[in-house]
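Comments concern the structure below.
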Amino acid sequence: MAKVVVALGGNALGKTPEEQLELVKNTAWSLISLVSSGNQVVISHGNGPQVGAINLGMNYAAENGKAPAFPFPECGAMSQGYIGYHLQQSLQNELHRRWMNKNVVTMVTQVAVDPKDQAFENPTKPVGDFYTKEQAEAIEKEKGYTFVEDAGRGYRQVVPSPLPKRILEIDSINKLIEAGDLVIAGGGGGVPVIFTDDGLQGVPAVIDKDRTSALLADNIDADKLIILTAVDYVYVHYNQPDQKTLKKLTISEAKKYIDEKEFAAGSMLPKIEACMSFVKDHPDREAIITSLSGLKDALAGKLGTVIVDG
Ligand SMILES: Nc1ncnc2c1ncn2[C@@H]1O[C@H](COP(=O)(O)OP(=O)(O)O)[C@@H](O)[C@H]1O
Ligand SMILES: NC(=O)OP(=O)(O)O
């Protein structure tokens with residue numbers, strides 16, 4: 001029996017609750033197929049668009065005196081609940097449809113970060129919707145937010161993205177896996193927290209969920225890490241006329257492409273680095289990057305970029 005961590009990309013989950021539910025329903029079929037073929041599956045997910053939308057809505061309500069201000073970590077926790085709810089429901093429906101009996105549970109997950117992480121000085125994680133250059137500049141002026149161009153798709157607000165150091169609920173996650181439950185954990189990379197004299201405290205940032213997923217996969221000693229996003233493969237010369245598909249990638253090949261700046265920072269680069277960290281010195285491990293709709297074909301070895309040690 002293989003232990004598999006499947007990470008669903010925030011951008012690949014659509015923009016509205018309706019879109020998200022539809023996309024998650026389709027993915028539930030492949031995820032439950034993975035379970036029914038004897039694998040232990042743990043699911044994580046991103047939250048960039050969702051935490052941005054929640055934060056925007058909460059800020060708007062607060063600015064108009066309609067709701068109290070909600071800090072960013074609380075918005076992150078809400079995004080875990082919102083996406084976890086759709087995943088739980090879709091997975092439970094799919095299990096029910098197949099007459100399979102299994103508990104599905106979302107673990108609100110806190111992830112410890114270093115308060116001195118340089119990322120707090122240099123925001124890189126895109127959140128929320130995409131804007132034109134002009135719109136982004138106007139919001140930057142009005143609100144003081146930072147925007148960057150995101151992989152040719154438009155401008156997005158960026159927030160600090162510190163490295164995940166420790167998954168605080170890992171023991172409970174392991175117990176649930178051992179009990180045979182289908183666990184959703186590390187959503188949105190986990191709510192980033194620091195240790196203070198008064199105990200744990202949330203910090204305004206978004207941890208990259210691919211990095212947290214790699215840490216989670218390592219912590220539970222998974223055999224496979226599957227990162228599902230909006231593209232079927234990783235490419236070199238991405239979006240260029242001479243774009244080339246990468247079907248298999250060793251760590252040393254990946255390092256060369258990173259030096260050649262083939263993978264965009266804030267989108268594909270953290271996925272590649274997460275996969276590299278998971279397979280490094282583990283020839284028995286494998287990481288795959290493919291699309292949400294491509295999971296079935298990727299499991300059959302017909303789609304996706306496979307990253308291995310070497
Ligand atoms: N070299 C590359 N190969 C494939 N996709 C790339 C590459 N560089 C940047 N990208 C972009 O990265 C995106 C995946 O990152 P992102 O949208 O942040 O993921 P997520 O699905 O986790 O939210 C792809 O949809 C694509 O637009
Ligand atoms: N938290 C996070 O990495 O989200 P995305 O997958 O949406 O980028």
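Note that ligands are numbered from 1 as they come in the structure, with each ligand's atoms numbered from 1 the same way. Just so you know, these numbers use all the heavy atoms, side chains as well, and skip hydrogens, waters and symmetry mates.
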Polar-atom distance check: D210 versus ligand 1, any N or O pair below 3.5 Å? no
Q50 N/O under 3.5 Å from ligand 2 N/O: no
What distance do [X] atom [atom1] and [Y] atom [atom2] have between them, rounded to the nearest 0.5 Å?
X: K280; Y: S277; atom1: NZ; atom2: OG; answer: 10.0 Å
X: F278; Y: L216; atom1: CZ; atom2: CG; answer: 10.0 Å
X: L292; Y: N26; atom1: CG; atom2: CG; answer: 8.5 Å
X: M276; Y: I258; atom1: CE; atom2: CD1; answer: 4.0 Å
X: E262; Y: Y235; atom1: CD; atom2: OH; answer: 13.5 Å
X: L87; Y: Q80; atom1: CG; atom2: CD; answer: 11.5 Å

For residues 43-53, dump all side-chain donor-acceptor pairs below 3.5 Å to protein atoms at least two apart in sequence or in another chain.
{"from": "S44", "atom 1": "OG", "to": "S213", "atom 2": "OG", "distance (Å)": "2.7"}
{"from": "N47", "atom 1": "ND2", "to": "S79", "atom 2": "OG", "distance (Å)": "3.0"}
{"from": "Q50", "atom 1": "NE2", "to": "G10", "atom 2": "O", "distance (Å)": "3.1"}

Using a strict 4.0 Å cut-off to heavy atoms of [X], name the atoms of ligand 1 that fall inside it.
X: A264; result: 8 (N), 9 (C)
X: K209; result: 22 (O)
X: E262; result: 1 (N)
X: F263; result: 1 (N)
X: A230; result: 25 (O)
X: A12; result: 21 (O)

Counting from 1, what ligand 2 atoms have a heavy atom of [X] closer than 4.0 Å?
X: V206; value: 1 (N)
X: G188; value: 1 (N)
X: D208; value: 3 (O)
X: K209; value: 1 (N), 2 (C), 3 (O), 6 (O)

Could you tell me whether [X] and [Y] make a salt bridge, using a distance below 4.0 angstrom between a side-chain N and a carboxylate O?
X: E260; Y: K256; answer: yes
X: K3; Y: D221; answer: no
X: D309; Y: R285; answer: no
X: K175; Y: E178; answer: no

Does [X] have a heavy atom less than 4.0 Å from any atom of ligand 1?
X: G46; value: no
X: G48; value: no
X: Y233; value: yes

In terms of residue, atom name and distance, what is the protein heavy atom nearest to [atom]?
atom: atom 1 (N) of ligand 1; result: Y235 O, 2.8 Å
atom: atom 17 (O) of ligand 1; result: R153 NH1, 2.8 Å
atom: atom 14 (C) of ligand 1; result: T229 OG1, 3.3 Å
atom: atom 15 (O) of ligand 1; result: S267 CB, 3.3 Å
atom: atom 7 (O) of ligand 2; result: G48 N, 2.8 Å
atom: atom 26 (C) of ligand 1; result: Y238 OH, 3.2 Å
atom: atom 22 (O) of ligand 1; result: K271 NZ, 2.5 Å
atom: atom 16 (P) of ligand 1; result: N11 ND2, 3.6 Å
atom: atom 5 (N) of ligand 1; result: M268 CE, 3.4 Å

Residue part near ligand 2, for [X], under 4.0 Å between non-hydrogen atoms:
X: N47; result: both
X: I207; result: backbone
X: K125; result: side chain

Got a donor-acceptor contact below 3.5 angstrom from the Q88 side chain to the T106 backbone? yes
Show the nearest heavy-atom pair for residues L34 and N39, with the distance to one decimal. O-ND2, 2.9 Å
Do the non-hydrogen side-chain atoms of [X] and [Y] ever get within less than 4.5 Å of each other?
X: V113; Y: I194; value: yes
X: K209; Y: K271; value: yes
X: L163; Y: D114; value: no

Sub-4.0 Å heavy-atom contact, P49 with ligand 2: yes
Can you tell me if R211 has a non-hydrogen atom under 4.0 Å from ligand 2? no
Treat each ILVMFWY residue as a node, draw an edge where side-chain heavy atoms are under 4.5 Å apart, and state whether Y233 and L225 are in one component. yes
